Each structure stands twice: as C-alpha cells, then as structure tokens.
Protein chains: 2
Amino acid sequence: MKRITIKDVAQRAGVSSAAVSYVLNGREHKVSADTLSKIKKAIAELNYIPDYSARSLANNKSNLIGVVIPQTEDQSQLLLENPFYCELICGIEAKLRQSGYHMILSGVNKGEGYLDVSMQRNLDGAIIMGIYQESFYEDLKKVNIPIVLIDSYINDNYFKRIGIDDELGGYMATTHLIENGHQNIALVTGTIRKDGVVEKRFLGYKRSLKEHGLFYNPDYVFEGSVSYDHGVESGRAIASDRRGITAVFATGDLVAFGVIAGLSENGVKVPEDISVIGFDDISLSKMFVPRLTTVRQDIVTRGSAAAQCLIDSIEGKEDVETELTLPIELVVRDTVKRI
Amino acid sequence: MKRITIKDVAQRAGVSSAAVSYVLNGREHKVSADTLSKIKKAIAELNYIPDYSARSLANNKSNLIGVVIPQTEDQSQLLLENPFYCELICGIEAKLRQSGYHMILSGVNKGEGYLDVSMQRNLDGAIIMGIYQESFYEDLKKVNIPIVLIDSYINDNYFKRIGIDDELGGYMATTHLIENGHQNIALVTGTIRKDGVVEKRFLGYKRSLKEHGLFYNPDYVFEGSVSYDHGVESGRAIASDRRGITAVFATGDLVAFGVIAGLSENGVKVPEDISVIGFDDISLSKMFVPRLTTVRQDIVTRGSAAAQCLIDSIEGKEDVETELTLPIELVVRDTVKRI
DNA sequence: TTGTAGGCGTTATCAG
DNA sequence: CTGATAACGCCTACAA
C-alpha cells in the first residue's frame, strides 16, 4: 500500500501542502471555507493517514508515552504477574488512547537507564512505576519531558506523583487488626527501601503499634519480595513457629494470598487460627476464597489519573498538581477474626 | 538537553556524516580502521543517541511492534483482568526488547480498525490477540507488514499463527472428566464464535462425548463471556438446578474460578459435589484453593514464540513457519473427583 | 488567503 | 574509502 502523503492530498484538492497541513492541525481559520471543504474531501477520498515519524521529526512531538514497569530479577520479564500493574496499565492505556497518544510499554534492562528510549523515541512523557536507583532519575530529568511517578516517594519537584497515603494505609490495616483484639502482628512485605511505598506502609504499621501501646518486634517482620512466593514462604515459617502471632499484615494482596496458602498448607486456618489483612484490593481479591480483608485503592482510577496528569503537563495546562493523593479505604471481608 | 545529531558526531570525529551512518548500521567494513575508531570515540564522548523517528522516515523501519489485545465491551479497557493476556505480554515484551524492538500496546476502538495505527507509526509488524470481524483482517493485510495472530483460526496464509490444538485440549479435558466417571458434563464458556479458540474447545468437548457414547445436551452449555463473572453466574445456575450435572468443563481458568465461586456460594462443594476442570493454567491456578485441574499451555513461551516468529519475518529469515502449534498437557490437581 | 522553501535527523546513492 | 546530496513526510516562517 503506497503511502498517501500530504502532497497527494494537496494535489488532489488543487491547493498547496501548507493549506492541508493547516487543516490537519486545526488551524482551519487560516483557510477559506471553500479550500477547507476541498481538502476535507480529498483527505477522505484518498484515505490519508499522517506519518507520525515525520511529524515527530518536524515537531518534536511524538504522541508517544513511555510506561515502565518493574520486572523480575532473573528473567527480565515484566512484573505483570502482579495484577496491580495490570490494572494500572488498563487505566493508563484507556486514557492515553482516548486522548490520542500511544503507549510504549517496557521494562528497563538491568544496568541501563531509560534515557536512551526517551531520546530515541522522542517520548512526549513517561510514567514510571516502581523505584530505581538515583542515577535513573537524574538521567530522566536530563531528557526534560514531563514524568509521572507511581509508587515512589522521591522528593523532587521535577516529577509529578500520583500516590496514596501509604503510611496511613499501613496504619489503618494494623489498627484494624488491633481493634479486633490482635496484639502479636506479623508484617510480611517486600524489600523495605527508602522512599518506597513499602517503607511507608511499614512506618504506618509501627506507628499504629506504638499508639496502641504495643511493642514493635523485628522478629515479626518477614521482608522479601512483593510476590506470592514470598508470601507462601512466610506463611510456612509462621505456621511452623507461631511465636504467638495471631495476625498478619501483608503489604500487598498477592503476598497475602501467598501467606494464606503457606498457612493452610500446614493446617493453619484463616481466619480461624490466624487473621490476615492485605493491601491494594486487586480485582482478584474478590475472587479469592476466603474473601480478603484489605486496604482498598482504586488502581484503575489511579492509572487514568496518572495518564491525565501527564497529558495535562504535556499540553501545557497551567494548574497541573505536582502531587495527587488518591483516597483509600478499609474493606472488611472474611479474613480477619475478632479475638 | 539539546539533541546530538549524527552531524555533531561527524564533525567531532572530523569525518562525514555518511561515515558515521555506516558504522551506526554495522557496515563498518566500508570504513577504515582509523576513521572507525575516531567515530566510535566521538559517539561515546558525545553520548550520541539516534533518533528513531528520523530513521523511520528515511528507512521505513521503525523497530516498533504493535500488540493488540481485546478489551471490555463497556469501558474500552484492556482485558488485562485476564492473566492469560498478561502472561502473553510478558513473553512478548521480553523477547522484543532483547531484540531491539519496542512494543506499542493497545486495544482497538470499537468500530475502528488497526490500519491507522499501523500506518501512523510505521509499524514493522504486529501481534494480534483475540478475534475480530473480517474487515479488520482485510485492512491489516493492506498495510503489508508481517502479522502474527494469537487465538485465531482465520484461514489465511498471509498471517502467521502461534497456537495450540484447542480442539484436542477440549477433548482432553472432557475425556479426563469422563474417565473419572462423569457423564453429565456442563460446558461453561465464552461466546462460541466461528474461527475462535472457544469454538475448537467446544468441538473437542463434543467429540469426546460422542466417542464415549454420551449424548451432547445443549442445555448443559452455558455460553457467555470469557470472564470470572460469567463463571459465577453459571455456577449459581448450576447450583440451583443441578439437572444431574456432576462436572463442569470451563474453557478458561478464570471462568473456572468463577464457577467454583458460584457453586460454593450456594453450598455446592468442589470437587466433592461437582468436579471442575479449566483451561490455560494461568499462574493464578497454582495459588487458588482448591488447586485447579486444568489443561496447561505455556503462555509466556507462547508470547515469546510469537515475538520471535514476527521478528524472523521482519528480518527476512527464510524458514519462518507460518503456523506453529505449541504442546499442551493435562495438569491433574484437586478439582476433579472420581465418581 | 495561499504558496514557496527550508529544515527536522537519518539513510542511501553516486561521484570523487 | 570518503563525502556531498537528495530523498523520507511534515511543519512553519515568510513571502506573495
């Protein structure tokens, strides 16, 4: 299929290519009604489709957004096993498409940054999930495009952030357990990294303990990866050596499912023997039996908010918030028992 | 960050931009060892990053692959709720990135096709999941780029297909149930569309019934969408009116989970009262309690095979199979009971 | 209101 | 082996 260019359209309409370009870019007022209709007709007849590469070259605007999600250590595969990211992406993609952008979804190779991709593709903006080493962000800033961070507490005004109050979430979860009579509460979590969401949830956990006159016991913390498998291992460990633990706060729903599996595998029932609370309320949580009590955030909305925020920045809107905090709420279902 | 161009590199190295272009494109033998080293040095010093838009314009090669996945009817959100697609994408993305390509992931708007995107972005190829109306494929062919279909039995040699033997899978699942003494087997499934995978699984189901001397009973077929919710509804329906049904073949794991939920919600236990078998073996299936008996396909591998096949076509390899059928196997776990 | 022409970064052709 | 130079498709001063 030979490419129809703007010149073909111009020729067919009997006008110059500049005129065509004008109507293509919404500057229709620069053109007489007559020419306008001729051009529109020609575009339709020829079924003209613009070439974004050329546009990007001339314009420095690609209508391309980079979306980065974390990946597994070993396989360098995207962490799509975690439905959290899937839902985020659903929200992002829908909003982007509806606004005329396309999404390049990728992970970033170990040791490499994202500067290359940004420059190669002339990205108009990027949404970054997960947390990376500092040089990663410094590189990103050099490219000088709007960037939205999800799941990061990097304190730098260059970046926009769409977050939730993770500390509060950790506090809410822990408090809910305490209010149900639990005193020895384990924390099963991914790596507690500075400026990461997990750290905040951890801090909320500790604050709740303290405010309720309970001691923080480091032995109750099972730190590993944010994965089902780590949950399973922790569940097993707890089952084999209870040490008085009656409840578990898992900092992600997927982890919580793992914990439940690890426990029940060893005959420990949830919530009869041990209560479990999660975090995120991924769509799976409704499907799982028993239905998981968790701290809910609206993940899809968060994705579309991130996309919207990015688009606003790109398009030069004035009042773009540099930080947006979305609400969370406790969802009480079947995995926490009053004791 | 001002863009460093090939000219800057040429200037710095004291050579022409053509020479630089040569070494950039691996035609290093067209250049003297001395110039080569000077150019390499300049590239490194200036931290030159090529502009793919320009390259695409000049070359008609974008190193961009379009990946299309189905979306929900209402929200036009990607069907990432279904882990099947997530895993596929993991496989695809990893392979593409490792081969120097980027992935544009999107759904396609109702009523629109994918021709626009393909042309706008100068896609080098595309991977299409799900099935669409015929005009969709006809449009795609016009663009004249390699295309890999997943989950389609469209009979057209233009397209490559990476599939499994869905008919056999349906047969295996049903046969497994029959061999465990079941005679009244319900089928819970997405829409049975011509040339779709679901149709093949359905045909395998019927063949197994027939070969084992059982009658096909249309009343036992619960046709709806490939979703958890449809599973739940069907499960409820079965629970409230058993009609002798002792086993269910769900044509997707997610659907199977729904069925199980719908059943147990009404006090019907799996597998004690009713056996359930699924299809796909998504990673979730290991996590679910009870562990789902299912027909396994290696989804991630399928994704990376699709990507590899596409890349081979793009790069003009000779021996690219037009159709690849990956193995499947029965995975016996805990949801089928012998009666 | 309309058209001409130069440039965006890269590649490829074709003389030197 | 090397270096101009003309595309590629589009946009946008600037001139008419």
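Treat the numbers as computed from the prediction; the structure is a model and nothing was measured. Chain letters run A, B, ... following the sequence lines, proteins first, then strands; residues in each count from 1. Only heavy atoms go into these numbers, but all of them, side chains included; no hydrogens, no water, no symmetry mates.
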### Task
Starting at atom CG of B/L36, determine the distance to atom C1' of D/dT2, rounded to an integer number of angstrom.
14 Å

### Query
Does OP1 or OP2 of C/dC8 have a side-chain N or O of A/N60 closer than 4.0 Å?
no

### Message
If I take atom CD in residue A/Q120 and atom P in nucleotide C/dT10, what distance separates them, rounded to the nearest angstrom?
### Response
11 Å

#### Entry: Whole-Å gap separating P (C/dC8) and CD1 (B/I4)
14 Å

## Note on the structure
Here the pair of heavy atoms bringing B/R302 nearest to B/D151 is NH2-OD1, 3.3 Å

### Task
Using atom CG of B/L24 as one end and atom P of C/dG9 as the other, report the distance to the nearest whole Å.
15 Å

### Query
How many Å lie between CG on B/N25 and P on C/dA12, as a whole number?
6 Å

### Query
With distance as the sole criterion, is a donor-acceptor pair present between the side chains of A/N122 and B/D51 under 3.5 Å?
yes

### Task
Would you tell me if any nitrogen or oxygen in the side chain of A/R55 comes within less than 4.0 Å of OP1 or OP2 on D/dC11?
yes

### Query
Picking from C/dG3, D/dG9, C/dG9, which would you name as closest to the side chain of A/A18?
C/dG3

### Task
For A/Y22, answer base if it contacts any base atom (sugar-phosphate contacts may also be present), sugar-phosphate if it contacts only those atoms, and nothing otherwise; contact means non-hydrogen atoms under 4.0 Å.
base

### Task
Using only side-chain N and O atoms of A/S32, determine if any of them is under 4.0 Å from OP1 or OP2 of C/dT2.
yes

### Query
With distance as the sole criterion, is a donor-acceptor pair present between the side chains of B/T35 and B/S32 under 3.5 Å?
yes

### Task
Report yes if a side-chain nitrogen or oxygen of A/R27 is closer than 4.0 Å to either non-bridging phosphate oxygen (OP1 or OP2) of D/dT12; otherwise report no.
yes

### Query
Taking NZ from A/K61 and P from D/dC10, how many angstroms apart are they, rounded to a whole number?
16 Å

### Query
NA contact type, A/S56, heavy-atom cut-off 4.0 Å: base, sugar-phosphate, or nothing?
nothing

### Query
For DNA chain D, whose closest nucleotide is more 5', that of A/S17 or that of B/T35?
B/T35

### Message
For a quick check of understanding: with a heavy-atom distance under 4.0 Å over all strands, which category does A/Y52 fall into, base, sugar-phosphate or nothing?
### Response
nothing

### Query
If only side-chain N and O atoms of B/T5 are considered, is one of them under 4.0 Å from the OP1 or OP2 phosphate oxygen of C/dG9?
no

### Query
Could you give the distance from OG (A/S62) to OH (B/Y52), rounded to the nearest 0.5 Å?
14.5 Å

### Query
Mapping B/V31 and B/L57 onto DNA chain D by nearest heavy atom, which one lands closer to the 5' end?
B/V31

### Message
Using a heavy-atom cut-off of 4.0 Å across all strands, would you classify B/V15 as base, sugar-phosphate, or nothing?
### Response
sugar-phosphate

#### Entry: Side-chain N or O of A/N59 closer than 4.0 Å to phosphate OP1/OP2 of D/dC10
no

### Approximate separation, where rounding is to 0.5 Å, of B/S313 OG and B/D124 CG
11.5 Å

#### Entry: Sugar-phosphate only, base, or nothing, as touched by A/K30 at under 4.0 Å among non-hydrogen atoms
base

#### Entry: Atom-to-atom span, CG of A/D51 to P of C/dT10 - whole angstrom
16 Å

### Query
Taking atom P of D/dG3 as reference, at what distance in whole Å does atom NZ of B/K7 sit?
15 Å

### Query
Are OP1 or OP2 of C/dT11 and a side-chain N or O of B/S21 less than 4.0 angstrom apart?
yes

### Message
Hydrogens and angles aside, do A/Q77 and B/R97 bring a side-chain donor and acceptor to less than 3.5 Å of each other?
### Response
no

